[in-house]
Structures are given as structure tokens and as C-alpha cells.
Amino acid sequence: MSANEHRSEPLRLVIFGRQGAGKGTQCDRIVKQYGVVHLSTGDMFRAAIAAGSEIGSQVAPILAAGGLVSDDLTIALVRERLAHSDVQESGFVLDGFPRTTSQADALLGLLSESGASLDAVVNLEVALEEVTARMKSRGRNDDTDEGIAKRLALYDRETVPVIDWFDERGLVLRVDGIGAEHEVSDRLFAAIDGGVTH
Ligand code: AMP
């Protein structure tokens with residue numbers, strides 16, 4: 001039984017976690033547990049590129065260079081996706097968005113326009129040394145020591161201020177991401193169920 005069946009409102013979440021923190025796996029588990037829609041802006045951009053759309057050709061060079069797509073374009077895409085009936089009915093877990101405080105502010109604005117609110121921001125915490133070790137053990141080609149350090153540093157520079165922004169608004173649930181997948185998801189569900197009041 002989906003936990004959503006006991007709720008008067010669908011669950012609306014944002015998830016943060018460094019690369020190597022197991023965010024993808026935990027998103028899948030959240031989708032199964034709460035019946036929410038997984039919304040990844042990175043996936044949306046990659047789909048637009050694969051479809052050869054106007055937006056796709058605009059963002060392709062930005063993704064290739066590892067930069068950030070403009071707030072305007074990203075927010076417009078999320079606005080459009082949040083209006084779909086599946087998301088309206090089932091709620092969502094946003095992954096990869098927001099990446100700037102302007103996007104975070106826009107997200108809360110978009111939700112309040114439709115009388116909705118964000119239930120929680122989950123921060124999947126895994127220490128830097130641990131994710132570095134996990135990424136190294138995966139041994140992918142782009143996982144050189146330097147590449148790993150660079151991506152993790154970018155995360156700290158870019159994303160940590162956004163988490164702090166949500167923290168100031170009392171929305172952040174910190175979840176220890178160390179342990180077996182099911183242990184982490186049990187912790188996650190307990191945090192969500194305990195931290196979300198409606
Ligand atoms: P991800 O799969 O989340 O790592 O996203 C892949 C790429 O898509 C990023 O490196 C950015 O170029 C772009 N992207 C994804 N989400 C956002 C966002 N919220 N704001 C700006 N650019 C984004």
C-alpha cells in the first residue's frame with residue numbers, strides 16, 4: 001500500500017546528495033514507497049537533447065561543458081512539468097533542482113501559486129572521504145582522482161548554499177547515507193514520515 005493513500009495531499013520533496021551518495025537508488029525507493037513522480041532536471045535536459053528539440057539544441061553545449069543552464073530556462077521547464085496531472089495528483093521528488101537560490105525561491109513561488117507547499121528537503125549525507133572512496137571503487141573512466149575532487153568541490157560550492165537556504169526555512173531533513181541501501185531508505189522514510197505533518 002502506498003503511504004500516499006493515507007495522506008490528504010500528495011508528497012512534495014526535494015532530494016540533495018553528493019555524487020556517490022546513493023541518491024539515484026534512494027529516489028527509486030522513495031518513488032515505490034510514496035507513489036510520487038521522480039523529476040530530474042538533468043534527465044529532462046538529456047531527453048530534450050535526444051529528442052532534438054529547440055531547448056535540446058540550446059542546452060546541449062552547456063551540459064557538454066558541465067555548466068549550469070540558465071535559471072529562466074530551467075524554471076520554465078520545471079513550471080511546465082509541475083503543472084502535469086500526474087505530478088499534481090501524485091506529488092514529486094525533485095532531483096537536481098533547485099541548484100541555485102533563485103531556483104529555490106521560484107520553486108516555492110510556483111507551488112504557492114497553486115496553493116501547494118514543499119513538504120521537505122531531504123539531504124542524504126555521506127562524508128566526503130566516503131563518497132570519494134565509493135566513486136574510486138566504481139572505476140569509471142571519468143572517475144580520475146582529479147575529476148572526482150573537481151565534481152565534489154563543485155557540489156559544495158553550488159549546492160551547499162541552496163541546502164543552507166532551505167535550512168533557514170526549516171525544511172531540511174538530514175539523513176545519514178552510510179549503510180546498506182535498505183537501512184538508508186528506512187532512515188529516509190522515518191525522517192519523511194516524522195518530519196512531514198500534513
Ligand atoms: P544532473 O543529471 O542533475 O547532474 O544534470 C546534468 C546537467 O544538466 C548539469 O550538469 C547541468 O548542466 C544541467 N542541469 C540539471 N539540472 C539543472 C538545474 N537545476 N539548473 C541548471 N542546470 C541544470
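In listed order, ligands and their atoms are each counted from 1.
Residue-to-ligand polar distances keep P98 apart from ligand 1: every N/O pair is separated by 3.5 Å or more. Annotation: L68 places no N or O atom under 3.5 Å from an N or O atom of ligand 1; distance criterion only. The N/O atoms of D43, backbone and side chain alike, include none that comes under 3.5 Å of an N/O atom in ligand 1. For the pair G96 and ligand 1, the shortest N or O to N or O distance falls below 3.5 Å. Close N/O approach between S40 and ligand 1 is not found [any backbone or side-chain N/O within under 3.5 Å].
For ligand 1, the atoms closer than 4.0 angstrom to any heavy atom of G67 are 10 (O), 11 (C), 12 (O). Of all the atoms in ligand 1, the ones that sit under 4.0 Å from a non-hydrogen atom of F97 are 19 (N). Below 4.0 Å from some heavy atom of L63 lie the following atoms of ligand 1, by number and element: 7 (C), 8 (O), 12 (O), 13 (C). Against a heavy-atom cut-off of under 4.0 Å, T41 is close to the following atoms of ligand 1: 15 (C), 16 (N), 17 (C), 19 (N). The distance from ligand 1 to the heavy atoms of Q103 drops below 4.0 Å at these ligand atoms: 18 (C), 19 (N), 20 (N), 21 (C).
With respect to the salt-bridge test (charged N to carboxylate O, under 4.0 angstrom), the residues E130 and R134 qualify. Between R169 and D105 there is no salt bridge, since none of the side-chain N atoms of the basic residue sits less than 4.0 Å from a carboxylate O of the acidic one.
Nearest protein heavy-atom neighbour of atom 6 (C) of ligand 1: R46 NH1, 3.4 Å.
Within the 4.0 Å heavy-atom shell around ligand 1 one does not find Q19. Using 4.0 Å as the threshold, G66 has no heavy atom nearer than that to any atom of ligand 1.
Contact annotation for V69 and ligand 1: heavy atoms of both the backbone and the side chain come within less than 4.0 Å of the ligand.
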